[in-house]
*Asks:* 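Please find one structure pasted underneath; my questions will follow.
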Amino acid sequence: MGLRTYVSAFDNVSIGTAVQDIFSIKSGAANGVQIHYIELNAAGVTSPAEIRLRFKKLTGTLTAGSAGTAPAMNALDDSETKTATATVRANDTTQASGTTSTSLMFWQWNVLLPFQYLPAPEDRPQILAAEQLLLDLPAAIATATTVSGIIKWQEIP
């Protein structure tokens, strides 16, 4: 059995004119999830602009976001024999919700550079079974930005 590490991505998607979940990952009923890496890159940007990002955790009764996509969940280890039990969504303009929402971190991303979230192993956010983590755009911006993104996570017992 492999390490149960997976990656999902989206490419060349317009974000910013609506509040939205950039990435949403809901753990399976029997497994938790630990985030290893998130990256966002803006295309064709020549002037500095700031985009507010928020990382939050949802627990309790969860409602999935919608109007976005469900990107493929690809195992990084060719020897992985288990299918991911998590659910990943990207760019949902109808945001996910839960009984309890806890904001964990906030950033102001200058789109001239990539946004990279690479926490030390001891600082990696982890959720239990049937919980959800979101990287969202909590406020719309005036000008849409074309973005590509990746999220890498590991399912944990």
Side-chain angles (χ1 to χ4, degrees), residues 1-16 18-42 51-109 111 113-139 145 147-157:
M1 182 171 93
L3 297 174
R4 301 185 70 192
T5 304
Y6 304 90
V7 66
S8 292
F10 64 88
D11 189 31
N12 288 327
V13 173
S14 180
I15 68 163
V19 173
Q20 68 188 82
D21 296 336
I22 305 296
F23 276 116
S24 167
I25 185 163
K26 181 180 178 282
S27 58
N31 298 95
V33 168
Q34 185 178 65
I35 303 298
H36 286 229
Y37 182 69
I38 299 172
E39 182 172 325
L40 302 175
N41 292 283
I51 295 179
R52 184 172 166 230
L53 299 173
R54 174 178 55 186
F55 200 42
K56 65 183 180 179
K57 176 178 159 178
L58 302 176
T59 58
T61 302
L62 302 175
T63 302
S66 62
T69 63
M73 298 179 291
N74 300 305
L76 289 178
D77 184 346
D78 287 341
S79 67
E80 181 57 66
T81 59
K82 288 188 141 192
T83 302
T85 63
T87 303
V88 176
R89 302 272 317 153
N91 304 304
D92 284 328
T93 54
T94 301
Q95 292 188 285
S97 63
T99 306
T100 303
S101 174
T102 306
S103 294
L104 302 173
M105 296 173 218
F106 297 89
W107 296 277
Q108 297 293 336
W109 170 37
V111 295
L113 296 170
F115 168 78
Q116 294 179 318
Y117 177 63
L118 178 60
E122 65 272 15
D123 295 330
R124 290 178 181 158
Q126 184 172 306
I127 56 173
L128 302 174
E131 293 183 341
Q132 193 163 2
L133 283 171
L134 305 170
L135 177 66
D136 75 350
L137 182 66
T145 303
V147 174
S148 296
I150 184 172
I151 186 168
K152 179 180 170 186
W153 79 96
Q154 182 176 24
E155 289 196 334
I156 53 176

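This one's a predicted model, so the numbers in the text were calculated from it and none came from an experiment.
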*Asks:* Which heavy atom of Pro138 sits nearest to which heavy atom of Val19, and what is that distance?
*Replies:*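 Heavy atoms of Pro138 and Val19 come nearest at O-CG2, 3.6 Å.
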*Asks:* Can you tell me how far CG of Leu58 sits from OG1 of Thr100, rounded to the nearest 0.5 angstrom?
*Replies:*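 Atom-to-atom, Thr100:OG1 and Leu58:CG are 9.0 Å apart.
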*Asks:* Determine whether a donor-acceptor pair (N or O, by modelled atom type, separation under 3.5 Å) exists between the side chain of Thr99 and the backbone of Thr61.
*Replies:*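 Yes; at least one donor-acceptor contact below 3.5 Å.
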*Asks:* Return the minimal non-hydrogen interatomic distance between Leu137 and Arg52, and the atom names on each side.
*Replies:*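 Closest approach of Leu137 to Arg52: CD1-O, 3.2 Å.
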*Asks:* Is it true that a side-chain atom of Asp21 and a backbone atom of Ala96 form a donor plus acceptor pair closer than 3.5 Å?
*Replies:*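 Side chain of Asp21 to backbone of Ala96, a donor-acceptor pair under 3.5 Å: yes, one is there.
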*Asks:* Dump the intermediate steps for side-chain contact (heavy atoms from CB on, under 4.5 Å) on Ser148 and Asn12, then the final yes or no.
*Replies:* CA-CA 5 Å; Ser148 296; Asn12 288 327; 3.9 Å; yes
*Asks:* Using the side-chain hydrogen bond (donor to acceptor under 3.5 Å, both in side chains) criterion, which residues pair with Thr94? Sequence neighbours excluded.
*Replies:*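 side-chain hydrogen bond (donor to acceptor under 3.5 Å, both in side chains) list for Thr94, sorted by chain: empty.
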*Asks:* If I take atom OG1 from residue Thr145 and atom CG from residue Asn41, how far apart are they, to the nearest 0.5 angstrom?
*Replies:*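 Interatomic distance, Thr145 OG1 to Asn41 CG, rounded to 0.5 Å: 12.5 Å.
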*Asks:* Would you indicate whether the side-chain heavy atoms of Arg4 and Asn31 approach each other to under 4.5 Å?
*Replies:*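 In contact.
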*Asks:* Quick one: NE2 on His36 to CG on Leu118, what's the gap to the nearest 0.5 Å?
*Replies:*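 Going from the NE2 atom of His36 to the CG atom of Leu118 covers 10.0 Å.
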*Asks:* Judged by atom type as modelled, is there a donor-acceptor pair below 3.5 Å linking the side chain of Glu155 to the main-chain atoms of Ala86?
*Replies:*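 Answer holds: yes.
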*Asks:* Check whether any side-chain heavy atom of Val147 sits under 4.5 Å from a side-chain heavy atom of Trp109, and report yes or no.
*Replies:*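 SC-SC contact between Val147 and Trp109 confirmed.
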*Asks:* Measure the spacing between OH of Tyr37 and NZ of Lys152 and express it to the nearest 0.5 Å.
*Replies:*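 Between Tyr37 OH and Lys152 NZ, I get 9.5 Å after rounding to 0.5 Å.
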*Asks:* Using side-chain heavy atoms (C-beta onward) and a distance below 4.5 Å, is Ser24 in contact with Val88?
*Replies:*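 Side chain of Ser24 against side chain of Val88, heavy atoms only: no contact under 4.5 Å found.
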*Asks:* Using only atom types and a distance under 3.5 Å, with no angle test, would you say the side chain of Thr5 pairs donor to acceptor with the backbone of Trp153?
*Replies:*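 Side chain of Thr5 to backbone of Trp153: no pair is present.
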*Asks:* Are Asn91 and Ile15 close enough that some pair of their side-chain heavy atoms sits under 4.5 Å apart?
*Replies:*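 A side-chain contact under 4.5 Å exists here.
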*Asks:* Leu62 and Gly98: which non-hydrogen atoms are nearest, and at how many Å?
*Replies:*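 Closest pair (atom of Leu62, atom of Gly98, distance): CD2-CA, 3.9 Å.
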*Asks:* Measure up the Phe115 and Trp107 rings against each other and bin them: parallel (under 30°), tilted (30 to 60°), perpendicular (over 60°).
*Replies:*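 Ring orientation, 0 to 90° scale: perpendicular.
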*Asks:* So, for Phe23 and Ile38, which heavy atoms are closest and what is the spacing to 0.1 Å?
*Replies:*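 Smallest interatomic distance, heavy atoms only, reads CD1-CG2, 4.4 Å.
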*Asks:* If you look only at pairs with a residue in residues 88-104, which of them pass as a salt bridge (charged side-chain N to carboxylate O under 4.0 Å, His left out), with sequence neighbours excluded?
*Replies:*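 Only Arg89-Asp92 qualify under salt bridge (charged side-chain N to carboxylate O under 4.0 Å, His left out).
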*Asks:* Is the shortest heavy-atom distance from the side chain of Ile35 to the side chain of Ile151 under 4.5 Å?
*Replies:*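 The answer is yes; the side chains approach within 4.5 Å.
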*Asks:* Is any side-chain heavy atom of Phe10 closer than 4.5 Å to a side-chain heavy atom of Leu40?
*Replies:*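 Yes, close enough: below the 4.5 Å cut-off.
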*Asks:* Tell me which pairs pass salt bridge (charged side-chain N to carboxylate O under 4.0 Å, His left out) where either residue lies in residues 113-133, with sequence neighbours left out.
*Replies:*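 Only Lys57-Glu131 qualify under salt bridge (charged side-chain N to carboxylate O under 4.0 Å, His left out).
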*Asks:* As an exercise, state the distance from CG of Asn74 to OG of Ser8, rounded to the nearest 0.5 Å.
*Replies:*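 Asn74 atom CG to Ser8 atom OG measures 6.5 Å (nearest 0.5 Å).
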*Asks:* Looking at every non-hydrogen atom in both residues, tell me the closest pair between Ala9 and Pro71 and how far apart they are.
*Replies:*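 Reported closest heavy-atom pair: O-CB, 3.3 Å.
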*Asks:* State, to 0.1 Å, how close Tyr6 and Lys82 come at their nearest heavy-atom pair, and which atoms those are.
*Replies:*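 Scanning both residues completely, I find the closest heavy atoms to be OH-O, 3.0 Å.
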*Asks:* Taking atom CD1 of Ile25 and atom CG of Leu135, what is their separation to the nearest 0.5 Å?
*Replies:*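 Answer rounded to 0.5 Å: 12.0 Å.
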